[in-house]
There are 2 protein chains.
Amino acid sequence: MNGPDQLHAPILCSDCGIYQLCLPTGIGQADIELLDKIVKNRRIFKRGEYLYRLGHPFHSVYALRSGSVKTYVLMDDGRVQITGFHIAGELLGLNAVNTRVYSCEARALETTSVCEIPFDRLEELGQQVPSLQYQMLRVMSQEIAYNQELMLLLGKKNADERLATYLIGLSSRFAKRSYSSTEFNLSMSRSDIGNYLGMAEETVCRVLARFEQEGLISMQRRLVRLKDIEKLTAVAQGGGKAESPSPAVGKRPQSPVSSRNKQVG
Amino acid sequence: MNGPDQLHAPILCSDCGIYQLCLPTGIGQADIELLDKIVKNRRIFKRGEYLYRLGHPFHSVYALRSGSVKTYVLMDDGRVQITGFHIAGELLGLNAVNTRVYSCEARALETTSVCEIPFDRLEELGQQVPSLQYQMLRVMSQEIAYNQELMLLLGKKNADERLATYLIGLSSRFAKRSYSSTEFNLSMSRSDIGNYLGMAEETVCRVLARFEQEGLISMQRRLVRLKDIEKLTAVAQGGGKAESPSPAVGKRPQSPVSSRNKQVG
DNA sequence: CATGCTAGTTGACCCAAATCAATTTTGCAA
DNA sequence: TTGCAAAATTGATTTGGGTCAACTAGCATG
């Protein structure tokens, strides 16, 4: 998605520049070597190729080394909801543990390098390395938290808030991986962005264009530059509408966000 | 929410009528007794009371014995998105494993009986009982799958489809617990339903009223009866609009579901 | 360097559902 | 039993963003 393409994947986990992302704290050198033994293989997926598909039997989880991937769920009639965009250091596929069948699809957005890890081997290893077990719980727990944020966005935010939230979110994910947090390349299309955020791609274009007019960002094609992160954050939180600073007497507050959907009961 | 109120909670997991729901297959009698030792206490929450609140330190997970609970996430300005309604046999709180802080709130919808289980004890026990570890992964994996379905609903379904999906979903959850799948009591308000489904409570009322007119359901207050599950299922899938069976020549298809948001790229 | 082809953009129009408003019904506490 | 607040319903009106349509910009390919 961003940063240098690392297409020459190293052979060992211990040589891998991102293993501290997919397997943070608490795993010793010896354990890393164990892990290295079970990683099935490093594979390259090209744009549009599937890491896994809906309904296929669950056998492996995938650690992203470089590139980016979208995951999405499907309806019978062909409608699609993208549930996430994933970049280097993220682990995919654990959501199939329960049913033993993938409940969504994962597709590369660009050339993407991954480690495929057979789940049953990973589970065995987990029994010897408690911190690895814990790590799996953490990864899933984090995914749940992300998904909850997305539900909040889909259920309660307007178009401006959605886009602003999206940009801010990308920015901080890049920052975490020490890429630029103010200038980056989108690997997904406008249409994918719209699908993910629950809006039409035309609306994505229009809102981005307005953000540019207002000096919040600049865009050319898929390159974004965030020019006013502070204001963008405010918009994401719903503070972009400039609440009338001194509400005239007799004038109903007419808050930009209705009291509906706020906590009451 | 439904079924007999089981307010006299038994003292032991092995006596508990629902332990096979919160801890399915693969746990032996001896392990159950171990588990029983670490369950901190059985508690009763009354309507409106919190099991846990946003930002509070994570210490326990909660197994629901009876009653029902809503979980929801919050925005700074007070907006709320309900992320789930939970009934007997479900396990809450595992989504705080990663940050060690609850990322959402859980609040009883009615008088609700729960087992509180300290997470660190549960984790220790998990190292002795691998199937318990696996069970935790399963529970979280299932929650992710549920959440993905909800994202699909929030992002891509219209009001009719949302309500139909909701009713069908409740029905099959009750069936799994061998309650009636065609007649049940809602423990949540219209407003909560609307919030959960991403629509105004007025719309919930209107759509329910129309479903009743059309003979799909009957409702009085919070008691629902599903009268035509088959058709309801069709509506949930987007098939309620009766695609014109023989499209006249020259008449644009005007499909009830646009080709947008379907899989293309 | 035409020729597509895909992705992105912009304008005009429309509609599903939100909002606003007015009642009605219900559950409970005094 | 009465009184009230919360919950639910129903109607009128508005609107944010979807849909349709036309067009442009990049970019690959023969």
Side-chain angles (χ1 to χ4, degrees), chain A residues 47-48 79 109-110 153-163 185-195 197-213 218-224 235 238 240-241 252-265, chain B residues 46-48 79 109-111 153-163 185-195 197-213 218-224 235 238 240-241 251-262 264-265:
Chain A
R47 177 180 146 77
R79 270 177 282 179
L109 287 167
E110 61 191 315
L153 178 147
L154 290 172
K156 298 291 171 295
K157 293 189 178 181
N158 67 24
D160 286 20
E161 292 162 357
R162 291 178 194 211
L163 247 324
N185 240 85
L186 303 174
S187 59
M188 70 295 292
S189 67
R190 298 285 191 271
S191 156
D192 277 350
I193 295 173
N195 182 296
L197 298 177
M199 55 205 262
E201 67 176 303
E202 292 94 327
T203 308
V204 173
C205 281
R206 277 186 264 260
V207 173
L208 288 179
R210 188 156 36 74
F211 281 180
E212 186 154 26
Q213 275 182 4
S218 64
M219 294 215 59
Q220 49 191 45
R221 201 137 177 90
R222 293 190 175 182
L223 180 69
V224 203
V235 173
K241 260 283 159 68
R252 226 178 345 96
Q254 184 67 309
S255 138
V257 171
S258 90
S259 65
R260 314 171 81 85
N261 292 323
K262 297 202 178 177
Q263 187 73 319
V264 278
Chain B
K46 289 212 281 272
R47 176 179 146 77
R79 270 177 282 179
L109 286 167
E110 61 190 316
T111 301
L153 179 148
L154 290 172
K156 298 293 172 291
K157 293 189 177 180
N158 67 25
D160 286 20
E161 291 162 356
R162 291 179 194 211
L163 246 326
N185 239 84
L186 303 174
S187 59
M188 70 295 290
S189 67
R190 298 285 191 271
S191 156
D192 276 351
I193 296 172
N195 182 297
L197 298 177
M199 55 205 262
E201 66 176 305
E202 293 93 328
T203 307
V204 174
C205 281
R206 277 186 264 261
V207 173
L208 288 179
R210 187 155 37 74
F211 281 180
E212 186 154 26
Q213 274 182 5
S218 65
M219 295 215 58
Q220 50 190 41
R221 195 121 184 106
R222 293 191 175 183
L223 179 69
V224 203
V235 173
K241 261 283 159 72
K251 187 194 165 206
R252 224 180 343 96
Q254 185 67 305
S255 138
V257 171
S258 91
S259 66
R260 315 170 80 87
N261 291 324
K262 297 201 179 177
V264 278

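Below, chains carry the letters A, B, ... as their sequence lines are ordered, and counting in each starts from 1.
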* Base of C:dT10 paired with side chain of A:Arg210 (donor-acceptor, under 3.5 Å) -> no

* Check whether the side chain of A:Arg206 and the base of C:dG11 form a donor-acceptor pair under 3.5 Å. => yes

* C:dG8, C:dC20, D:dG17: which one has an atom nearest the side-chain heavy atoms of A:Arg190? -> C:dG8

* To do: With the side chain of B:Ser189 defined as its heavy atoms from C-beta on, choose the nearest nucleotide among C:dT10, D:dG17, D:dA8.
  => D:dA8

* Asked: When we call it a touch if two heavy atoms are under 4.0 Å apart, what does A:Arg222 touch: a base, just sugar-phosphate, or nothing?
  -> sugar-phosphate

* Given D:dC20, C:dT9, D:dG18, which nucleotide is nearest the side-chain atoms of A:Cys205? -> C:dT9

* Any side-chain heavy atom of A:Ser187 within less than 4.5 Å of one from A:Arg222? -> no

* **Side chain B:Arg221 and base C:dT24 donor-acceptor under 3.5 Å** => no

* Are any of the side-chain heavy atoms of B:Leu163 and B:Met199 separated by less than 4.5 Å? -> yes

* Contact nearer the 5' end of DNA chain D, comparing A:Glu201 with B:Ala209 -> B:Ala209

* Sugar-phosphate, base or nothing in reach of A:Gly198, heavy atoms under 4.0 Å -> sugar-phosphate

* Would one find a side-chain N or O of B:Thr203 under 4.0 angstrom from OP1 or OP2 of C:dA17? -> no

* Structure fact -> Closest of D:dC20, C:dA18, D:dG18 to the B:Met199 side chain is C:dA18

* Asked: Does A:Glu202 offer a backbone N or O that forms a donor-acceptor pair with the side chain of A:Arg190 under 3.5 Å?
  -> no

